[in-house]
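Notes for the one structure printed next.
Counting starts at 1 for both ligands and their atoms, in listed order. Computed over heavy atoms, backbone and side chain alike; hydrogens, waters and symmetry mates excluded.
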Amino acid sequence: MDIQDQNPIDRSADISQPIDRLSADERLKAGSDYLRGTIASGLLDRISGGVTFEDNKLMKFHGIYQQDDRDIRDERRRQKLEPAFRFMIRVRLPGGICTTEQWLRIDELARAHGGDTVRLTTRQTFQFHWVVKEDIRPTIQGLHEALLDTIAACGDDARGVMCTADPRDSAVHAELAALAKQVSDHVIPKTHAYHEIWYGEERVASSEPEEPFYGPTYLPRKFKIGFVLPPSNDIDVYTQDLGFIAITGENGVEGFNVAIGGGMGRTDNAPTTYPRLADVIGFVPKDRLFAVTDAVMSVQRDFGNRADRSRARFKYTIDDKGLKWVVREIERRMGSSFAPARPFEFTSNGDRFGWHENDNGRFSYTLFIQNGRVSNLPDQSIMDGLRAIAKVHRGVFRLTPNQNVTIADVAPEDRPVIDALLAEHKLAENHVKSAMRLNAIACVALPTCGLAMAEAERYLPDLLTRIEGLLAEHGLLDEPITIRMSGCPNGCSRPYVAEIALTGRAPGKYNLYLGGGFHGERLNQLTRENIGEAAILEILDAQLGRYARERQPGERFGDFVVRTTDH
Ligand code: SRM
Ligand code: SF4
């Protein structure tokens with residue numbers, strides 16, 4: 001299944017931007033000796049539970065973030081103590097596919113070093129929170145023994161590659177997931193620094209360039225790639241820097257419609273920053289997958305803004321240079337033109353819960369995990385339950401882009417034992433009151449995220465309980481309306497494509513956005529700024545009531561809002 005490109009492109013880095021015009025982050029990367037910095041020696045310092053400013057930045061490229069417990073930040077300051085530093089570790093898991101052995105290892109490490117919890121993310125991977133400095137190495141070495149790593153899970157490089165999780169068309173899906181893995185391996189940094197720092201390997205002298213593609217300054221900013229298999233748009237392909245929409249024929253994947261320039265992040269009151277949907281620029285056959293990936297990424301590498309980080313994402317490079325210019329440059333580097341995009345149709349960006357039979361006669365069960373938080377709750381032992389399932393399950397797990405998990409590739413005769421464990425640990429989704437809750441996403445936010453301005457994961461479940469009261473009144477409990485909450489405008493829950501979105505402004509205050517497309521095809525619009533719960537519920541009550549009374553047959557909530565709102 002390996003892609004053999006007959007016409008590989010020249011990938012070498014051509015860093016032509018003058019060093020004196022580079023931002024501080026660019027100079028740090030350039031002087032880091034390919035991401036080594038002083039990370040290894042800093043880990044030995046026992047005076048502080050944290051690391052230096054520079055090492056913190058470089059460790060992101062290794063999938064590790066320094067954070068502190070924000071719930072006790074003020075108290076620590078009052079006591080003149082340093083912040084309660086902890087580390088977040090993000091695993092690289094292309095396509096969200098995880099074997100049962102890997103699940104058991106993640107579970108074990110979360111119990112040993114991660115505060116008895118692990119987080120499923122919106123890009124289909126695991127995050128450990130609460131890891132203390134001396135436990136970072138044991139955690140990473142424990143992952144290594146299970147053939148997992150954290151390389152490039154963060155940083156100015158190509159991040160975790162996503163792939164549609166729902167394997168209804170099993171053969172095509174398997175092919176696509178394998179391609180996502182190949183692309184992930186192709187685009188990750190090649191520096192040996194990770195092996196030296198975390199596995200204790202010796203530095204090997206070589207005359208070969210250490211980063212043949214990235215060069216010493218990597219990319220100007222993070223870069224996100226995803227594969228999607230219509231009709232599901234679960235990965236929200238229009239929010240990726242580079243999205244591949246699979247076009248299939250009798251023999252499986254024929255090629256891809258290529259989408260470029262998506263991104264969610266914005267800063268309030270800074271109109272130069274904005275969410276942007278990706279443009280579909282044409283079709284490439286499957287054997288050009290690496291060529292188009294290299295060409296697109298190298299355009300961003302060579303022309304992305306390295307002086308102003310707030311304008312460094314690929315979406316801004318496209319808007320600054322012009323889409324036509326960027327497409328021509330990609331084609332020039334690829335050595336071929338795009339064919340016209342082929343027809344495709346998306347129907348949803350959510351998950352299909354419960355049991356489903358795949359076309360190969362095997363089954364998968366998608367399990368609702370509220371906001372991706374795997375832990376043991378008083379009324380639901382999610383962590384214990386999934387560990388018990390991992391011990392008997394003979395297929396794999398698939399982390400979904402909606403923070404849920406699919407128990408995939410189950411033989412028909414294995415269903416009863418999984419059903420029994422789902423029931424024993426109260427995991428089945430039939431306890432969930434509304435389709436809106438099943439279609440909800442919240443980012444992590446407080447207490448770990450250093451950028452959070454308001455709660456998200458810890459608040460959305462309660463807010464939803466109150467919204468469910470409104471849904472019940474209006475007869476909409478079964479309506480799969482998408483709702484997403486982020487603790488700040490960065491948009492880690494991909495809020496700007498949701499039918500209802502809330503982004504944090506201050507404790508208890510949110511911007512409310514309405515009217516996103518049901519399958520992620522349209523950005524929503526800012527409806528009210530900086531409002532608290534009472535105002536949010538009042539506006540939603542009015543909108544949901546009108547929707548229940550006045551909608552047209554089959555009309556989605558987001559479409560209704562757009563149709564009935566004066567512009
Ligand atoms: Fe994110 C930064 C969590 C998906 C846009 N994101 C962060 C950090 C690392 C905060 C920081 O920089 O200090 C958050 C860590 C919080 C914590 O305590 O764990 C964080 N992002 C997450 C996760 C865990 C949210 C979740 O609840 O699942 C997701 C991890 C994904 C993964 O597995 O790799 C996550 N982040 C996203 C997405 C969604 C996506 O990629 O599909 C986006 C919007 C898409 C995009 O990139 O445009 C996203 N995160 C951001 C941004 C804004 C980027 C921008 O262009 O402006 C930041 C801030 C930044 O980079 O400066 C950010
Ligand atoms: Fe943190 Fe903001 Fe991302 Fe939420 S959206 S995890 S608050 S950076």
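Nearest protein heavy-atom neighbour of atom 16 (C) of ligand 1: Cys449 CB, 3.5 Å. In this structure, atom 28 (O) of ligand 1 lies nearest to the protein heavy atom Thr122 N, 2.9 Å. Counting only heavy atoms of the protein, atom 41 (O) of ligand 1 lies nearest to Lys224 NZ, 2.7 Å. Protein heavy atom nearest atom 44 (C) of ligand 1, with residue, atom name and distance: Gly491 O, 3.2 Å. In terms of protein heavy-atom proximity, atom 18 (O) of ligand 1 is nearest to Thr448 OG1, 2.6 Å. Atom 33 (O) of ligand 1 has as its closest protein heavy atom Thr121 OG1, 2.6 Å.
Note: His62 and Tyr194 have parallel aromatic rings, judged against thresholds of 30 and 60 degrees for the angle between ring planes.
At a 4.0 Å cut-off, at least one heavy atom of Arg119 sits close enough to ligand 1 to count as contact. Residue contacts with ligand 1 include Ala442, since one or more of its heavy atoms lies under 4.0 Å from the ligand. Heavy-atom separations between Gly491 and ligand 2 include at least one value shorter than 4.0 Å. Residue contacts with ligand 1 include Gln403, since one or more of its heavy atoms lies under 4.0 Å from the ligand. Using a 4.0 Å heavy-atom cutoff, His129 is listed among the residues neighbouring ligand 1. By the 4.0 Å heavy-atom criterion, Arg159 is excluded from the residues contacting ligand 1.
Under the 6.0 Å distance and 45° angle rule, Arg301 counts as a cation-pi partner of Phe213.
Comparing Ala442, Gly265, Cys443 by heavy-atom distance to atom 6 (S) of ligand 2, the nearest is Cys443. With atom 52 (C) of ligand 1 as the reference point, the heavy atom nearest to it among Arg266, Met264, Lys222 is part of Lys222.
Here Cys492 meets the criterion, with an N, O or S atom under 2.8 Å of atom 1 (Fe) of ligand 1.
Of all the atoms in ligand 1, the ones that sit under 4.0 Å from a non-hydrogen atom of Thr125 are 33 (O).
Counting heavy atoms from C-beta on, the side chains of His129 and Thr117 never come closer than 4.5 Å.
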